[in-house]
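These notes concern the structure reproduced below.
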Amino acid sequence: MRVFVAGASGAIGTRLVPQLIERGHEVIGSFRSPAGAERVAAHGAEPIVLDLLDPRAVHTAVLAAEPDAIVHQATALADVRFSRKLDRSFAQTNRLRREGTDALLVAAREAGVRRFVAQSFANFRYAREGGPAKSEDDPLDPTPVRGMRETSAAMTYLDEAVTAAGGIALRYGSFYGAPNDGLLEPVRKRQFPIVGSGGGVSSFVHLEDAAAATVLALEHDGPAVYNIVDDEPAPMREWLPVLADALGAESPRRFPGWLARLVAGGAVVMMATDARGAVNAKAKGELGWTLRHPTWRQGFPEAYRRPVPATAATAGKPVRNEEARGASWVH
Ligand SMILES: NC(=O)c1ccc[n+]([C@@H]2O[C@H](COP(=O)([O-])OP(=O)(O)OC[C@H]3O[C@@H](n4cnc5c(N)ncnc54)[C@H](OP(=O)(O)O)[C@@H]3O)[C@@H](O)[C@H]2O)c1
C-alpha cells in the first residue's frame, strides 16, 4: 500500500515508518519542523511538509500523494510545558485531534483512501469505578476532572470521528523506549513523587510494539477501537520505583495527596491515585499482535539501563544501579 503518515517525524512516527517499509509498504511521511524532514527521509519515507491545521494544505497534499491508507500520528507534545491546567498544555494537540482529524478524513474521502488509523490514548480516560484495567467496551469517565476536560473530549472526538468514517482508533498506553521520553528527567531528578496511595493505574507500551500494532491495524478492516498497551497495567507505586531503578535514580519521594492537589492540581492526583489502566486482549486477538516487550517491568531496564561491556569480571553479572547512573542511552 501507499501509506500517508501524518506526523512521521515524531516519537511513534519514526518507529512506524521503518516497520511499514520493512513490511513492503511505500510511505509518504509528513513533518512540520525543519528537523522533521531529515528524520522522515532518514527512515526511508518520502518527506512532505504539512500543517494539519491548514485544511486546504491537507487536501492538496493527500490528493497529490494518492495514498491507499492514512495514519494520523500528529501531536504537539515536544517541548510542551505541563502546568496544572493540562488542557492548556494539550491545547495544540487537542486541535490536531479535532481539526487535524477532520481535515484528514475529508481529504481521505475525496481521495478514495481505503484505510484510516489514528492515534488516541488509553490512560486516564476510563471510568474510575470497578476493576483496575478496562477493555474498549467499558465506559469512559463521564466526569473527567477539571483541567483535563477538553483533552478528554478531544480524544473522544477523535475516536468517534475516525470510527464513524470506518477507521481504527488506537488507544495507546504511555509510550516509553526513547532516550528523551518525557518522564525520564523528572524521575532522575527525584521530581516525580508517588502521590498519596500511588494506587492510580497506568498502562505502558514500548514504542516499537506500538508501531507494530499500528502496522497490523492498517492491514485490518475497521471500524474499531483498540487498546494498544502492554500486559501489565500497574499502579504508580509499583511502576515508578522500577523506572527510577532502571535509570539509576534514587527511590521516588512520597507526597501527600492533599498537598499535591494544592500544588499540582486535581488531574495529577487523579492520575496518581484513582486512574484506571487498559487491557489488550482485543488487539492481541483481532490483530494478531504479539509484544516484544510484554511488560514495563522488563521493558524499563532494557530500554534505559546502560549495557556494561562484558569483561572477565562482569560477564554474567547484572548491571547495578551505581554502574548505570549518569549513563548514556542504549538507543
Ligand atoms: N501515548 C503516549 O504516551 C504519547 C503520545 C504522543 C506523544 N507522546 C510523547 O510526547 C513526546 C513528544 O512527542 P513527539 O516526539 O512525537 O513530538 P510531537 O511534537 O508530539 O510531534 C509528533 C508529530 O506531529 C507533527 N506535528 C506537530 N504539529 C503538527 C502540525 N500542526 N501539523 C502537522 N504535524 C504536526 C510533528 O512534526 P515535527 O517533528 O516536524 O514537529 C511530529 O511528526 C515524546 O516523548 C512522546 O513519546 C506520548
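Just so you know, these numbers use all the heavy atoms, side chains as well, and skip hydrogens, waters and symmetry mates. When a ligand or atom number is given, it counts from 1 through the structure's own listing order.
- Contact analysis leaves Arg95 out of contact with ligand 1, as no non-hydrogen atom separation drops below 4.0 angstrom.
- In summary, the side chains of Thr295 and Asp230 do not present any donor paired with an acceptor at a separation below 3.5 Å, with no hydrogens or angles considered.
- Distance remark: protein heavy atom present below 4.0 angstrom from atom 7 (C) of ligand 1.
- The single protein non-hydrogen atom nearest to atom 46 (C) of ligand 1 is Ala11 CB, 3.7 Å, given as residue, atom name and distance.
- Between Leu104 atom CG and His59 atom NE2 the span is 12.0 Å, to the nearest 0.5 Å.
- Side-chain rings of Phe204 and Trp239 approach one another, their centers coming within less than 6.0 Å.
- For atom 30 (C) of ligand 1, the closest heavy atom belonging to the protein is Arg32 CD, 2.9 Å.
- Here the heavy atom of the protein found nearest to atom 45 (O) of ligand 1 is Gly182 N, 3.9 Å.
- With hydrogens left out, the protein atom closest to atom 1 (N) of ligand 1 is Gly173 O, 3.1 Å, a heavy atom.
- The nearest pair of heavy atoms linking Val229 to Val205 is CA-CB, 4.1 Å.
- Between atom OH of residue Tyr126 and atom CG of residue Asp137 there is a gap of 8.5 Å, rounded to the nearest 0.5 Å.
- Using modelled atom types, one finds a donor on one side chain and an acceptor on the other under 3.5 Å when comparing Arg125 with Thr156.
- Here the heavy atom of the protein found nearest to atom 41 (O) of ligand 1 is Ser33 OG, 3.5 Å.
- Look at Gly13 and you'll find every heavy atom at least 4.0 Å from all atoms of ligand 1.
- At a threshold of 4.0 Å, the pair Asp51-Arg32 counts as salt-bridged, since one of the basic side-chain nitrogens sits closer than that to a carboxylate oxygen.
- Residues His293 and Glu208 bring no donor and acceptor atom of their side chains to less than 3.5 Å of each other.
- Close approach of ligand 1 to Ala8 is summarised as follows: ligand atoms under 4.0 Å from at least one heavy atom of the residue are 43 (O).
- Between Leu86 and Phe124 the shortest side-chain heavy-atom distance does not fall below 4.5 Å.
- Of the protein's non-hydrogen atoms, the one nearest atom 21 (O) of ligand 1 is Thr75 O, 3.1 Å.
- Among all protein heavy atoms, the one lying closest to atom 38 (P) of ligand 1 is Ser9 OG, 3.3 Å.
- Counting the atoms of ligand 1 from 1 in the order shown, those under 4.0 Å from a heavy atom of Ala76 are 19 (O), 20 (O).
- In terms of protein heavy-atom proximity, atom 3 (O) of ligand 1 is closest to Phe175 N, 2.8 Å.
- For ligand 1, the atoms sitting less than 4.0 Å from at least one non-hydrogen atom of Gln119 are 5 (C), 6 (C), numbered in the order shown with element in parentheses.
- At a heavy-atom distance under 4.0 Å, only side-chain atoms of Leu96, from C-beta outward, approach ligand 1.
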